[in-house]
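First the structure, in the form of structure tokens, and then the observations on it.
Counting starts at 1 for both ligands and their atoms, following the listed order. We number each residue from 1, following the sequence as shown.
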Amino acid sequence: MAEYGMILVETQGRVGVIRLNRPQALNALCDRLMDELGQALLAFDADDAVGAIVLTGSEKAFAAGADIKEMRDRTYPAVYRDDWIGEKWETVLRVRKPVIAAVAGFALGGGCELAMMCDIILAAENAKFGQPEINLGVIPGAGGTQRLTRAVGKSKAMEMILTGRMMDAAEAERSNLVARVVPTGQLLDEAVKLGERIASLSAPSVAMAKEAVNVAHETTLREGVRFERRLFLSLFATEDQKEGMAAFVEKRKPNFRNA
Ligand SMILES: CC(C)=CC(=O)SCCNC(=O)CCNC(=O)[C@H](O)C(C)(C)COP(=O)(O)OP(=O)(O)OC[C@H]1O[C@@H](n2cnc3c(N)ncnc32)[C@H](O)[C@@H]1OP(=O)(O)O
């Protein structure tokens with residue numbers, strides 16, 4: 001297991017696992033942690049042995065948001081000059097492989113936003129999601145007003161963002177913020193199992209499926225369907241399409257070569 005300092009990184013089979021590891025601050029997302037997270041994500045994305053990535057925290061906290069102690073004295077000229085939040089926080093969006101957020105405990109502020117930047121959220125029964133920035137005299141700054149609204153709808157997002165109310169795992173599942181809820185002690189195993197399933201499939205089609213679903217958030221239906229069709233047709237240039245369909249017809253398991 002490699003140790004960066006504020007995160008722990010390991011592979012389980014074909015799944016890269018990144019664990020936020022700053023327990024004394026409930027995994028508050030300071031600059032150093034975000035730098036390490038970005039490096040680890042890009043390293044797994046470049047590793048052919050890895051087919052999916054799981055991002056998790058501790059049982060008490062996925063992440064309690066940006067580090068308020070680090071953030072409190074920042075000035076406007078400095079955050080503007082550095083484009084703080086900007087690229088550093090959005091590295092996860094550049095990852096081509098599926099990223100699964102396995103959330104136990106608090107996912108607040110930037111923690112909730114980081115989870116929402118991932119492709120799939122699995123929640124432990126004790127998970128709590130929220131955007132409490134309003135209590136600090138600010139608003140969400142890493143996409144929370146946009147992604148939470150797209151996930152749960154305007155009324156619930158407004159209520160959460162305007163009051164700072166947290167949502168528990170059951171409500172998050174009902175509201176479509178998370179894919180499913182699992183017993184807290186089984187969270188990582190379930191996330192890795194999901195990652196393994198994805199990693200066993202054809203990497204080009206997995207990457208294109210991820211890209212197409214993400215485009216649904218950013219374009220019109222007509223453009224999104226056109227985009228999907230272009231990707232779909234391009235997969236007929238892959239060996240894996242021939243293999244997947246031959247395997248179905250021959251009633252055997254496909255042997256994908258990611259080619
Ligand atoms: C991304 C952008 C642009 C913005 C943001 O994310 S703003 C931050 C949004 N998040 C929050 O406002 C949550 C802040 N934390 C809390 O409200 C509470 O810590 C809690 C409800 C998550 C947990 O409460 P609990 O009583 O169980 O634990 P604490 O004693 O409060 O915390 C333990 C330990 O962790 C430190 N901590 C917690 N969150 C942060 C944070 N976001 N930044 C820095 N430090 C944090 C907390 O101060 C305490 O440490 P000390 O014992 O050393 O004080």
Problem set entry | Pairs flagged by ring pair (Phe, Tyr, Trp, His ring centres under 6.0 Å) wherever residues 230-259 is involved - sequence neighbours left out |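 For residues 230-259: Phe232-Phe236.
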Exercise. What residue pairs, at least two apart or across chains, pass ring pair (Phe, Tyr, Trp, His ring centres under 6.0 Å) with a residue in residues 44-83?
Worked result: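 Ring pair (Phe, Tyr, Trp, His ring centres under 6.0 Å) check on residues 44-83 returns Tyr76-Tyr80.
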Exercise. In terms of heavy-atom contacts, does CD1 of Ile139 have more than 12 from other residues, nucleotides or ligands at under 6.0 Å?
Worked result: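 Result for CD1/Ile139: open.
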Exercise. Taking everything shown except Lys193 itself, do over 12 heavy atoms lie less than 6.0 Å from its NZ?
Worked result: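 No, because the 6.0 Å sphere around NZ of Lys193 holds 12 heavy atoms or fewer from other groups.
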Exercise. Out of curiosity, Lys128 NZ to Lys60 NZ, how far, rounded to the nearest 0.5 Å?
Worked result: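 Lys128 atom NZ to Lys60 atom NZ measures 11.0 Å (nearest 0.5 Å).
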May I have every N or O pair linking ligand 1 to the protein at under 3.5 Å, one per line with atom names and distance?
from, atom 1, to, atom 2, distance (Å)
ligand 1, 6 (O), Ala66, N, 2.7
ligand 1, 6 (O), Gly110, N, 2.8
ligand 1, 10 (N), Ala64, O, 2.9
ligand 1, 27 (O), Lys60, NZ, 3.2
ligand 1, 42 (N), Ala64, O, 3.0
ligand 1, 42 (N), Ala66, O, 2.9
ligand 1, 43 (N), Ile68, N, 2.9
ligand 1, 48 (O), Lys69, NZ, 3.0
ligand 1, 50 (O), Lys69, NZ, 3.4
ligand 1, 53 (O), Lys69, NZ, 3.4
ligand 1, 54 (O), Lys69, NZ, 3.3

Exercise. Tell me the side chain to side chain donor-acceptor pair (under 3.5 Å) pairs involving residues 91-105, sequence neighbours left out?
Worked result: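 Of all non-adjacent pairs touching residues 91-105, none passes side chain to side chain donor-acceptor pair (under 3.5 Å).
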